[in-house]
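Keep in mind it's a predicted model, so treat the numbers as computed, not measured.
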Amino acid sequence: MASYRYERNIRPEDLVQEPPRVLTPQERRANWWHYHWYYVALILAALLAAGWYAWQNLTAVRPDYVVTVVSRTDPAPELLEQVQAQLEAVGLDENGDGRITVEVNSIWLDLSAMQEGGDFARLMESSQEKLNAAFYLGESTLFLVDDPAGLEQMYGCFRYLDGGDPQPGDVVRIEDFALPAGATLLEGLAPPPEGAWYLARCITEGAEDSPALERDDRLWSVLTAAP
């Protein structure tokens, strides 16, 4: 049987391949980019992400203390700024960055509104979740509150003034776990529409490994020290 070459009348010289054309430098660059641009884009994206992450870490403000204000009315920005200024005036440089920084968080929580229903009650439910998150995360153990009795009854969240946690069956009074702010270095705060400001510490149960526990206790000692 005749081969394919003879059937098609292919001459031997037709089978000789021409050497590939030598590409110019510009063509070589274009060819390389055509097959590799995706990898370059991935590398650049990774470098940008790493740079952004490093920049965030270098420039982020690391507070020495985090304090939470819980009020039956929406805490005014002026109050939060005053609390921050007074705490920064007496606090310590706990993280060693050369400055004293206090972060003051606020939670608007009116427990009496939880039974009323409607939009306001739903807003208070979101505030409850925010407070639960504050307890769970343990970023702060210091609280400035205007309803210490209601919060303690609802959550059982505050420890005694001597630092111990209440035990099951204990009958806890406000004076057992909270100090009027006016009797501490937080004196002079504008009073809330209802009640008065009290300073209290969260229970230690569940926060034993929190770095906030010891540093907040040191701040508590400063704030409550006798003049």
Check your understanding: Can you name the closest pair of heavy atoms from D93 and G98 and give their distance?
Key -> OD2-N, 2.9 Å
Check your understanding: Given side chains that start at C-beta, do those of L144 and L186 come closer than 4.5 Å, heavy atoms only?
Key -> yes
Review point. Would you say F143 and V222 are hydrophobically clustered, going by side-chain heavy atoms of ILVMFWY under 4.5 Å?
Key: no
Practice item. Identify the heavy atoms of P148 and F177 that sit nearest to each other, and give their distance. Key: O-CZ, 3.6 Å
Review point. Do D74 side-chain atoms and W108 backbone N/O form a donor-acceptor pair below 3.5 Å?
Key: no
Check your understanding: Quick one: do L42 and W37 end up in the same hydrophobic cluster if we chain Ile, Leu, Val, Met, Phe, Trp and Tyr together by side-chain heavy atoms under 4.5 Å apart?
Key ->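 Yes, it is one cluster - the side chains of L42 and W37 are joined through contacts under 4.5 Å.
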Exercise for review: Quick one: closest heavy-atom pair of A190 and L79, and the distance?
Suggested key: O-CD1, 4.3 Å
**Study point:** Non-hydrogen side-chain atoms of T141 and R159 separated by less than 4.5 Å
**Key:**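 In short, these two side chains touch, coming nearer than 4.5 Å.
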Practice item. Dump the intermediate steps for side chain to side chain contact (heavy atoms under 4.5 Å, CB included) on L219 and L92, then the final yes or no. Key: CA-CA 8 Å; L219 182 57; L92 305 172; over 6 Å; no
Practice item. Look up atom CG in D146 and atom CG in L151, then write down how far apart they are to the nearest 0.5 Å. Key: 8.0 Å
**Study point:** Cluster overlap I174 with I203, hydrophobic side-chain contacts below 4.5 Å
**Key:**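 Different clusters.
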Check your understanding: For the side chain of K130 and the backbone of S106, is there at least one donor-acceptor N/O pair under 3.5 Å apart?
Key -> yes
Review point. Going from CG on L179 to OH on Y198, what distance comes out if it is rounded to the nearest 0.5 angstrom?
Key: 10.0 Å
Review point. What residue among D216, D165, D217 forms salt bridge (Lys or Arg N to Asp or Glu O under 4.0 Å) with R201?
Key: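 Option passing the salt bridge (Lys or Arg N to Asp or Glu O under 4.0 Å) with R201: D217.
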Point to revise | Any Q86 side-chain heavy atom under 4.5 Å of L189 side chain | key: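 Heavy-atom side-chain distance check passes, below 4.5 Å.
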Practice item. Identify the two heavy atoms, one from A178 and one from A200, that lie closest to each other, and give their separation to 0.1 Å. Key: CB-CB, 4.3 Å
Check your understanding: When rounded to the nearest 0.5 angstrom, what is the spacing between CD in E103 and OG in S140?
Key -> 9.0 Å
**Study point:** Pairwise side-chain contact, L111 with D147, heavy-atom cut-off 4.5 Å (strictly under)
**Key:** yes
Point to revise | Heavy-atom side-chain proximity of N105 to V67 below 4.5 angstrom | key: no
Point to revise | V83 with I100, same ILVMFWY side-chain cluster at under 4.5 Å | key: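 V83 does not cluster with I100.
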Point to revise | More than 12 heavy atoms of other groups within 6.0 Å of E175 CD | key: yes
Check your understanding: Would you call F135 and C157 a side-chain contact if the rule is heavy atoms closer than 4.5 Å?
Key -> yes
Point to revise | Sole candidate of R215, R99, R218 that passes salt bridge (Lys or Arg N to Asp or Glu O under 4.0 Å) when paired with E94 | key: R218
Exercise for review: Hey, could you give me the CG/CG distance between L87 and D64, rounded to the nearest 0.5 Å?
Suggested key: 11.0 Å
Check your understanding: Do F158 and V145 have side chains that get closer than 4.5 Å, going by heavy atoms?
Key ->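 Heavy-atom side-chain distance check passes, below 4.5 Å.
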Check your understanding: Heavy atoms, side chains only, cut-off 4.5 Å: are Y136 and N132 in contact?
Key ->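 Result no, sub-4.5 Å side-chain heavy-atom pair not found.
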Review point. Does any donor atom in the side chain of Q84 or E88 lie under 3.5 Å from an acceptor atom in the other side chain?
Key: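 On atom types as modelled, these side chains qualify, holding a pair under 3.5 Å.
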Check your understanding: Have Y160 and D170 got a donor and an acceptor in their side chains that come within less than 3.5 Å?
Key ->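 Result is yes, a qualifying pair exists.
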Review point. Quick one: do the Y155 and Q128 side chains pair a donor with an acceptor below 3.5 Å?
Key: yes
Review point. Under 4.5 Å between side-chain heavy atoms, hopping through other hydrophobics if needed: is there a path connecting V66 to V104?
Key: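 No; tracing contacts between hydrophobic side chains, which count when under 4.5 Å, never links both residues.
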